Amino acid sequence: HKRICKKRAAELRDDLLFKQPESSHLGDYPICFIPLSLDLSQSIVAVCCSKMICRGCDVETQKRELEERLENKCPFCREPVGNKLWRKQIMKRIEANDPVAMCREGVEQYEKGDYSSALGYYVKAAELG
């Protein structure tokens, strides 16, 4: 009996340790309301609205658009994807003090080699949360 109880206790402990949490500190995806995954490869950041979109919602949106021969749009804000105005949209989000857009701009500046601007965007994004 003791051995069976110890085995069951270990199973319960493993369930508690390795179970996917019901939510994360990141919140929920804005479309399907599934908790945001801690694995960043499971989501994308939409350039137009700076929202994190789960891969599932993104794939389903693209699938629907292909099947119905619709223009490819952001699943959250419905702005056209590949829009040549994306730079203007990011700057608009930065002016609205969006930390995600600032961090993304920091990456852009870093990749261009403008490290001081990149640091400025990173710091501002960190201050805003």
Side-chain angles (χ1 to χ4, degrees):
H1 176 70
K2 263 187 174 178
R3 189 174 60 213
I4 294 171
C5 285
K6 281 186 178 183
K7 182 180 176 186
R8 181 64 184 144
E11 289 172 359
L12 291 173
R13 189 194 71 198
D14 287 349
D15 286 347
L16 288 172
L17 285 174
F18 300 110
K19 185 176 97 174
Q20 180 72 6
E22 290 184 21
S23 65
S24 73
H25 68 285
L26 299 171
D28 295 337
Y29 287 111
I31 297 172
C32 61
F33 299 109
I34 293 174
L36 282 163
S37 176
L38 299 176
D39 180 3
L40 296 179
S41 70
Q42 298 300 313
S43 60
I44 62 166
V45 177
V47 174
C48 45
C49 57
S50 298
K51 296 290 183 192
M52 288 187 78
I53 312 285
C54 76
R55 290 271 181 207
C57 289
D58 187 45
V59 167
E60 284 301 313
T61 299
Q62 289 180 18
K63 182 179 165 186
R64 182 183 56 81
E65 290 168 347
L66 281 173
E67 288 172 355
E68 298 176 14
R69 299 177 191 253
L70 300 171
E71 182 181 15
N72 192 6
K73 294 185 177 182
C74 171
F76 187 78
C77 71
R78 300 289 181 206
E79 283 289 322
V81 174
N83 186 345
K84 293 179 181 175
L85 300 174
W86 69 272
R87 187 89 186 116
K88 187 176 179 182
Q89 291 168 326
I90 287 179
M91 296 314 289
K92 184 177 177 183
R93 298 298 314 150
I94 289 171
E95 289 171 11
N97 287 328
D98 182 344
V100 175
M102 287 186 190
C103 188
R104 183 161 175 82
E105 183 63 20
V107 170
E108 290 284 325
Q109 295 301 320
Y110 182 85
E111 288 174 352
K112 288 180 184 176
D114 187 357
Y115 304 118
S116 61
S117 290
L119 180 61
Y121 282 111
Y122 290 145
V123 168
K124 183 71 172 172
E127 288 172 353
L128 292 171

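Note that the coordinates shown come from a computational prediction; the quantities given were computed from them, not determined experimentally.
Minimum heavy-atom separation, Glu71 to Pro80: OE2-CB, 3.4 Å. Of all the heavy atoms in Cys54 and Cys32, the pair that sits closest is SG-SG, 3.7 Å. Smallest separation of non-hydrogen atoms from Ser41 and Arg55: O-NE, 3.2 Å. What you find for Phe76 and Ile31 is that their closest heavy atoms are N-CD1, 3.9 Å. For the pair Met102 and Ala125, the tightest heavy-atom approach, listed with the atom from each and the gap, is CB-CB, 3.9 Å. When all heavy atoms of Pro99 and Asn97 are compared, the closest pair comes out as CD-O, 3.3 Å.
Contact annotation: the side chain of Ile90 never approaches that of Arg93 to less than 4.5 Å [non-hydrogen atoms, C-beta and beyond]. Taking 4.5 Å as the limit, every side-chain heavy atom of Leu119 sits out of range of all side-chain heavy atoms of Tyr110. Using a 4.5 Å cut-off on side-chain heavy atoms (C-beta onward), Tyr121 and Cys103 make no contact. Using a 4.5 Å heavy-atom threshold, the side chains of Arg104 and Ile94 count as separate.
Cluster annotation: Val107 and Leu128 are assigned to distinct hydrophobic clusters (Ile/Leu/Val/Met/Phe/Trp/Tyr, side-chain heavy-atom contacts under 4.5 Å, transitive).
Judged purely by atom type and a 3.5 angstrom limit, Arg78 has no side-chain atom pairing as donor or acceptor with the backbone of Lys73.
In this structure, Lys112 places its NZ atom where more than 12 heavy-atom neighbours from other residues, nucleotides or ligands lie under 6.0 Å away.
Rounded to the nearest 0.5 angstrom, Cys74 SG and Gln89 CD are separated by 9.0 Å. Rounding to the nearest 0.5 Å places CG of Asp114 at 9.5 Å from CD of Glu105. In this structure, OG1 on Thr61 lies 8.5 Å from CG on Asn72, to the nearest 0.5 angstrom.
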